[in-house]
Amino acid sequence: MVERIVSALERNSRYKNRVEHIEILSPKEPTFGKLKKDLSRNIKNYLLKKGIKLYKHQCGAIEYLRAGKSIVITTPTASGKTLAFNVPIFERLDQDKSATALYLYPTKALANDQLKVIKEFDSLSGIGVNPNVYDGDTPPNKRPKIRETSRIIISNPYQLHQVLAWHYKWQKFLSNLKFVVIDEAHRYRGVFGSNVAFLIRRLRRICGFYGSEPQFILSTATLANPIEFSERLIGVRFKLIANDGSPKGKKYFIFYNPYFDGISTLSTHQETKDLFLFFVRKDLQTLCFTLSRKMAELIALWSKKGVKESEPYLMDKITAYRAGYLPEERREIENNLKNGILRGVTSTNALELGIDVGSLDSVVISGYPGTIISTWQQAGRAGRGVSESVATLVAFQNPLDQYLMKHPKLFFDKPHEHAIIDLSNPYIISGHLMCAGSETPIKLSEEGIYFGDDVEDILKALEREGLIQNTPNGWVYSGKGRATEAVSLDNISSDIFKVICDGELLETMDRRQAYREAHKGAVLLHQGETYIVEDLDLKKSVIQVKKIDVDYYTEAMKVVDIEILEEIEKKGIGNFAVSFGDVEANEQYVGYKIMKYDKVIGMEKLDLPPLNFKTMGLWFTVPEDTKEKIWKKRKEDGDIKENLNKRSEEDLKRGVFAGGLHGIEHAMIGIMPFHVMCDRWDIGGVSAPNHPDTMKPTVFIYDGFEGGIGLTEKAFELIVEIVKMTLELVRDCKCEDGCPACIYSPKCGNENKPLDKKATILILEELLNLMKQEDKIKVRGR
Amino acid sequence: MVKDEEKRKTTFHRISKKWRESVDKVKEYEVVEGEEKISEEFIPFGIDYQEYQEAEKLKQRLLKKYKGKTLEDVIEGKELNTKEGVCYYIENQDRLSLKIINPEHARKKILSDLKLIYGIGEVTERILKEEGCKTIEDLTEHPRFGSQAIEFLKILDKCDTCQIVDWIAHWFPKSHPLILYSSSFHNKGDLIIFDIETMGLFTRPIILFGVARISGDQILINQYLLRNIKEEPAALKGFLSHISEDSVFITFNGRTFDIPYVRQRLAYYRMKGDLERPHFDILHFSRRAWREKVPNCRLNTLEKYLLGIARKDDVPSALVPDFYETYMRSKNVGPLIPIIEHNKQDLVTVAIIFSRLHEEWR
Ligand SMILES: [Zn+2]
Ligand SMILES: [Zn+2]
């Protein structure tokens, strides 16, 4: 049936030209496995009642765990990963009636979802592990009993971070801890992952304190480096379970390009809506992923409008789903997806994570989500058992999406991203040393294995600030505030705004979202209904809205700039100079557009204070005469000549130069993960042809974490290598005008415009020339 | 190489400074990990600006006054030697007579409440009393309630407070007078009134342990002070030395704060210490007794309204960590003085309020 629908799409004159590529992923028969030793009767009962026969990879996982190993499972969504570790864990908990297991999920919603599965396993097998969730929502009076009686506890890293100092209350659970499950482990990469890596070391340290040494089970999306990643995240040896034994149906992966001819009559949003409806009307249960909360709402809204007259029965079968909805609302949608009542749901990546909504027939991905990992995770939502399914990636006009459309092979053949964990970042280590020091005194002889070689020097530096003190019992945390409050695992804001309608809570959002989507006058969309924001109270963090039916929506406009607060260090390499210091990125929402479909029908001004973000960054300037120099070379090129009669020379010159600087910024951020062990999403950048603080053309690269986290600090040290490698990368890239492998960025705030690959190379060459002009390194520190 | 080493250390130092900034900014939260919900009365949240300024002035005055003085010069005490090292030990005593209702009276009060027996509610109690069953002792022959009554009497005769309290708490709220009465079954000498001063709400050192004992019409106050963080294990030992088989804790909010805090610090240092003792937390009783009469049930408020005590030169609880930190950084003992006084006064007030409760519910 899916095959017929796909070919209908290919034949339909409305769509056919826009289908750039169809990749057919072939179906697969199941491979079942055998165990060396039979499972216990209780577990067999469970499998029998559920009608489950174990696949090969599940048997592999069971054997490794029985043998005491730690494992990482990378098989795809819906391959029975959870069962692969639940079976051996229940087996052990059945044999050893005091054994316990800890499951960590990145979100509360996932934890609750998992609880259902484990509860069912527990009751059908009759093993008696009394599973429970223990997180911020667990009522205080229920906590002691859970700690004392639950043998499987499901929680999240944030909770674990707070709980460890209370280890005495967890003595029974921790001293019997046999397994730690970390699901969706690929989420723990970059700076967030490095923080979680040290959190896990703190857990292992406390387990050691109580004499236990749990095995670890990681479940992750496909990565380029699963074993290396796991071993760095946890600090123990891992075995890999990668060969999926579950059966697969045929899957069509369509690359759909509204801009196939360079222009488009309809926007990507409109195209997404049409495709979404196309599949829904063909009776394929479809999930549509969008890049923003607002688009999830709008596409649902427009789709409903689209069927109102012609197919009114579909109206109630389409809805939006996203973060910010109240938990009950979300649960209802999840259930209605699972039982098939809903036929089409539009969602942000909130549903990309493993929330169980069953499998669907079709997925539409509106815009490249930025990583190959995410794209496959989203596409993986389609495919019900062995039946056929279809995934459609709809491109935006930006160069990155367009590049993918023109080079599908790059996407299908490219290995997935590397997940990077940094174990040597002193910012991260010192934070976790403070936390560890408030859990039990730090003894130098014991901690090297957890915190690395710099421990003593870092402790001494912390002692000078009175944060930690050396005592005969070890180093003791003595800061005035709680360490775990000062050290946050990620960038997620705890500054939550409430949206109130007629005195009732409608939803919640963080400050940034409130500025962007809930400023006064904004149209807030919630489950396809429109609300007008009447008041945004920044002090009380409350947004008052009124339900009003309008046929327009709003889009806030922002300006971003960066300010140098203090230059900490500057060094010269030849005639090239680079600085490092405290910077402040400012984001100001200055007004908003009133939109109807894709047309702007009005503009309003906004009077909101800027959102300031203090961090650390590096910056370097480019000599002013470079602009002329590269223009001289560039204007001889065919692509520029061609444009000379269309645009003024000054305009083109400006574009070339700005495109070059912008290209350097992107390419540098792109290669930084190789030098400073982070994720590219951890770093931000700004390039300016004339920055007010330097009065020169300047490129800024900064840490994407409040206060800075040492990423650009390390890059500052390695600047020569980084500039060299950036040039090699861009110069040697086989693309014509730039591609994701060189100067296109998946997170550009300016839609990858302007970008100029040739200018990027010319400016980088100029920088390297400057470096060579004098072979001395001059350092000016403070 | 040497330069690299230098640079590395500069970096660590810069990072530490950043941490200090963010650690200083951390606000204490209402709910901490565990089942303990720190009650509003306890949270030293509500420090207003004026209070803060006065405390700041006090601190500056003390710093000036005690510049260059040693602890021994200023506060009479001695160094205490324990297996876990040393700390500073301070002893004081004062007149205080504890008016606790006598055990017979308490027993009578408890036994006359028939609702302590399973199956007896308000109505049944009234009927039973009309029939002549005035106390639980009269019920021992009763066909339906007899066995329960006998069981309860057994527990009461053993004077096993934990069991008595558990039994009562099963039928009545924790703040019920009958529970307070059970404290009468102990010798006054077994009462351990205690209160700690800390660097914050959990997970940081306890800097002062205060223990008060009653002997005749005297209250004996023992305080174990950390002159530096190293001395915490010794101070813990000093505190534990007061606890015997028969000890009973009297605290203000100790159930949710002091006891879990001490437990956490013991586990922190891998020290052993048994704190399973009967515990009368007078916060709950006070709330029941006086909630209507006082603006809130913080210890200082109760003290002001019930006992008419107005503290002078006191350090607000919220600023104890700040004062102690100033002491650590400046090595000036001035800021320690109000902390020690504050703790001592807290102990005395807890003792008096405990006594008042007995009078109130006589
Ligand atoms: Zn390229
Ligand atoms: Zn950009």
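Just so it is clear: chains get the letters A, B, ... in the order the sequence lines come, proteins before strands, and each one is counted from 1. In this text the structure is predicted, and so the values were computed from the model without any measurement.
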Item checked: With sequence neighbours excluded, residues passing side chain to side chain contact (heavy atoms under 4.5 Å, CB included) with B:D281 -> B:T251, B:N253, B:R255, B:H279, B:L283, B:H284
Notebook entry, point to check: Using non-hydrogen atoms only, which part of A:D457 is less than 4.5 Å away from chain B: side chain, backbone, both, or neither?
Noted result: both
Notebook entry, point to check: At their closest point, which heavy atom of B:V23 faces which heavy atom of A:M434, and how far apart are they?
Noted result: CG2-CE, 4.0 Å
Notebook entry, point to check: Got a second to check how far A:N473's CG is from B:E84's CD, nearest 0.5 Å?
Noted result: 6.5 Å
Next item on the list: Go through the atoms of A:L462 and report whether side chain, backbone, both or neither lie under 4.5 Å from a heavy atom of chain B.
Entry: both
Next item on the list: Name the region of A:Q171, side chain, backbone, both or neither, that has any atom closer than 4.5 Å to a heavy atom of chain B.
Entry: neither
Next item on the list: Report the option among A:I429, A:V476, A:T138 that has the most heavy-atom pairs separated by less than 4.5 Å from atoms of chain B.
Entry: A:V476
Item checked: Atom pair NZ/OG of B:K18 and A:S430 - distance to nearest 0.5 Å -> 11.0 Å
Item checked: Flag side-chain contact, heavy atom, 4.5 Å: A:R464 against B:S16 -> no
Checklist line | Side chain to side chain, B:P260 and A:Y168, heavy atoms closer than 4.5 Å | finding: yes
Next item on the list: Let me know if A:E717 has heavy atoms under 4.5 Å from chain B in its side chain, its backbone, both or neither.
Entry: side chain
Next item on the list: Could you please state which residues from residues 320-333 of chain B sit under 4.5 angstrom from chain A, measuring non-hydrogen atom to non-hydrogen atom, sorted by number, or 'none'?
Entry: B:P321, B:D322, B:E325, B:M328, B:R329
Margin query: Assess whether a salt bridge exists between A:E713 and B:R14, defined as any Lys/Arg side-chain N lying under 4.0 Å from an Asp/Glu carboxylate O.
Written below: yes
Note to self: Strictly below 4.0 Å, N to O, side chains only: are A:E485 and B:K25 in salt-bridge contact?
What the structure shows: no
Note to self: Using side chain to side chain contact (heavy atoms under 4.5 Å, CB included), reason through B:K230 and A:Q469 one step at a time and then give a plain yes or no.
What the structure shows: CA-CA 8 Å; B:K230 290 187 185 89; A:Q469 289 188 35; 6.0 Å; no
Notebook entry, point to check: Closest heavy-atom contact between A:S438 and B:T203?
Noted result: CB-O, 3.5 Å
Margin query: As an exercise, state the distance from CG of A:N470 to CG of B:N228, rounded to the nearest 0.5 Å.
Written below: 11.0 Å
Notebook entry, point to check: How long is the span from the CD1 atom in A:I458 to the NE2 atom in B:H13, to the nearest 0.5 Å?
Noted result: 13.5 Å
Note to self: Less than 4.5 Å apart, side chain to side chain, heavy atoms only: is that true for B:F12 and A:L459?
What the structure shows: no
Notebook entry, point to check: Looking at A:W166 versus B:F202, is the centre-to-centre ring distance below 6.0 Å?
Noted result: yes
Check: Is it the side chain or the backbone of A:E465 that comes within 4.5 Å of chain B heavy atoms, both, or neither?
Finding: both
Margin query: Would you compute the distance between atom CD1 of A:I468 and atom CH2 of B:W19 and round it to the nearest 0.5 angstrom?
Written below: 12.0 Å
Checklist line | From B:Y268 atom OH to A:H167 atom NE2, the distance as rounded to the nearest 0.5 Å | finding: 8.5 Å
Check: Do B:R270's NZ or CZ and the ring of A:F209 fall within the cation-pi criteria of under 6.0 Å and 45°?
Finding: yes
Check: So which of A:E463, A:M616, A:K460 has the biggest tally of heavy-atom pairs under 4.5 Å with chain B?
Finding: A:M616
Check: Side chain, backbone, both or neither: which part of B:K17 has a heavy atom under 4.5 Å from chain A?
Finding: both
Checklist line | Closest non-hydrogen atom pair between A:S478 and B:P205, with its separation | finding: CA-CD, 4.3 Å
